[in-house]
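So that the names make sense, note that chain A is the first sequence line, chain B the second, and so on, each numbered from 1. All values below come from the heavy atoms of this structure, side chains included, with hydrogens, waters and symmetry mates left out.
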Number of protein chains: 2
Amino acid sequence: MRRTSLEGADCPIARSLDVIGDWWSLLIIRDAMLGVRRFGEFQKSLGVAKNILTTRLRTLVEHGILDTAPASDGSAYQEYVLTPKGRDLFPVLVALRQWGEEHCFEGGRGSTVLVDVERGRPVRKLELRSEDGRLLSPADTQVKKRGRSG
Amino acid sequence: MRRTSLEGADCPIARSLDVIGDWWSLLIIRDAMLGVRRFGEFQKSLGVAKNILTTRLRTLVEHGILDTAPASDGSAYQEYVLTPKGRDLFPVLVALRQWGEEHCFEGGRGSTVLVDVERGRPVRKLELRSEDGRLLSPADTQVKKRGRSG
DNA sequence: TCCAAGTGGTTGCATCATGCAACCGACACT
DNA sequence: AGTGTCGGTTGCATGATGCAACCACTTGGA
């Protein structure tokens, strides 16, 4: 991946992808959000090679998405926990999940749904709204520069 | 990328990433959503090598995210346009953009914002809500199996 | 009609990231 | 001391990525 070329890009999407845009990182974050904390748990859950997992965890820590902490079970090992920055990726994962559920399975629906724990009912679809509450489609939006003459 | 290992995964996130989880695809889709249609436009905008662009456009078409159409300017060339499936990736891009704006720039804010065209005001942050409208955090949600005993 | 430039690629080759498997030190349990 | 687990590191093979050169077709101009 030739990430370096866009590292300093203005586009926030490019910047985000530069951090979490690889195959494993988002799956690690997904697992972390489900409560996975230990190296071995990630490895078993993802089926990823250990060296790859090592480098991914390291870069996620460097980027401030995960943090290391002493193991909560008292053992001598450490755990990887999401930082607030990492937790803020929740909408990204939900958006990917909803798109995948709708478009990446045969019957048009996946075999799993995201539900609200309190009621056990499926969550709403993510939707973009204007400041005053109108539902926005791509055509209703525009990227605008801040600070400079735009 | 060892995508084949997870191609048949149950997880919709993994399936999504299998389709759009590489560095360039989402940037291509971003540009397409901004109105870019021609091969040369994508190439200039992204700065990507032409062979890479060729393969990415091809796989995006194969996956039903882009479609080819005769050029709208009457020339003999073709254009790449988003399908409905592709347009449904809008929330994914917005989520990535909002996260990037908040976490991937020095001052804590990016140099661009997504605005509502009609009013020119910044859009709301994406938020996940339950069926009855409550705001949901990761801890408030759970992945549930459908169809089978779960 | 011929040449030149633009468009949309393909091909060859180098390099880097990824993946697999083997190895390894620290700790745990007996 | 011996065996097993945890959390890695190292070496090596392979596949994806990137660059640059090349190519076919179209377009435009004289």
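For DNA chain D, none of the residues of residues 62-69 of chain A falls under the heavy-atom distance limit of 4.0 Å.
Within the 4.0 Å cut-off from OP1 or OP2 of dT9(D), at least one side-chain nitrogen or oxygen of Arg58(A) is found. The shortest distance between the side-chain N/O atoms of Trp24(B) and the OP1/OP2 oxygens of dG18(D) is below 4.0 Å. The shortest distance between the side-chain N/O atoms of Arg38(A) and the OP1/OP2 oxygens of dC6(D) is not below 4.0 Å.
Rounded to an integer number of Å, the gap from Asn51(A) CG to dA21(C) C1' is 10 Å. Rounded to an integer number of Å, the gap from Leu27(A) CG to dG19(C) P is 11 Å. Rounded to whole angstrom, the span from the CG atom of Asp18(B) across to the C1' atom of dA16(D) amounts to 15 Å. One can place CG of Leu53(A) at 18 Å from P of dA17(C), the figure rounded to the nearest angstrom. Between the CG atom of Leu46(B) and the P atom of dG18(D) there is a distance of 11 Å, given to the nearest Å. In this structure, Glu41(A) atom CD and dG7(D) atom P are separated by 8 Å, rounded to whole Å. The separation between Gln43(B) atom CD and dC19(D) atom P is 10 Å, rounded to whole Å. Per the geometry, NZ belonging to Lys44(A) stands 10 Å off P belonging to dT5(D), to the nearest Å.
Side chain of Ile52(A), nearest nucleotide from dT18(C), dG8(D), dC19(D): dT18(C). Set against dT26(D), dC20(C), dG12(C), the side chain of Ala49(A) has dC20(C) as its closest nucleotide. The listed nucleotides are dT10(C), dT17(D), dT27(D); the one nearest the side chain of Ala76(B) is dT27(D). Closest to the Gln78(B) side chain, of the nucleotides dG19(C), dG8(D), dG9(C), is dG9(C).
Two residues, Lys50(A) and Thr54(B), neighbour DNA chain C, and the one matched to the more 5' nucleotide by heavy-atom proximity is Thr54(B).
For the pair Arg38(B) and Tyr77(B), the cation-pi criterion (under 6.0 Å, within 45° of the ring axis) is not fulfilled.
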Legend entry - Check against side chain to side chain contact (heavy atoms under 4.5 Å, CB included), Val123(A) and Ser130(B): CA-CA 5 Å; Val123(A) 303; Ser130(B) 66; 5.7 Å; no
Inset, instruction - Could you walk me through whether Leu93(B) and Ile13(A) pass side chain to side chain contact (heavy atoms under 4.5 Å, CB included), step by step? - result: CA-CA 7 Å; Leu93(B) 288 174; Ile13(A) 297 175; 4.0 Å; yes
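Leu66(A) is not listed as a side-chain neighbour of Val81(A), based on a closest heavy-atom distance of 4.5 Å or more.
At a cut-off of 3.5 angstrom, the base of dG6(C) holds at least one donor-acceptor pair with the side chain of Tyr77(B).
Counted by atom type alone, Glu79(A) and Thr68(A) present zero donor-acceptor pairs between their side chains at under 3.5 Å. At a cut-off of 3.5 Å, with distance as the only test, a side-chain donor of Ser25(A) or Asp22(A) sits close to an acceptor on the other residue.
Within the 4.0 angstrom heavy-atom criterion, only backbone atoms of the sugar-phosphate kind lie near Tyr80(B); the bases stay farther away. At a threshold of 4.0 angstrom between heavy atoms, the contacts of Ser75(A) with the nucleic acid are absent.
Enclosure of atom CZ in Arg121(A) is not indicated, since only 12 or fewer non-hydrogen atoms of other residues, nucleotides or ligands lie within 6.0 angstrom.
Just one of Gln98(A), Glu102(A), Glu101(A) meets the side-chain hydrogen bond (donor to acceptor under 3.5 Å, both in side chains) condition when paired with Lys125(A); it is Glu102(A).
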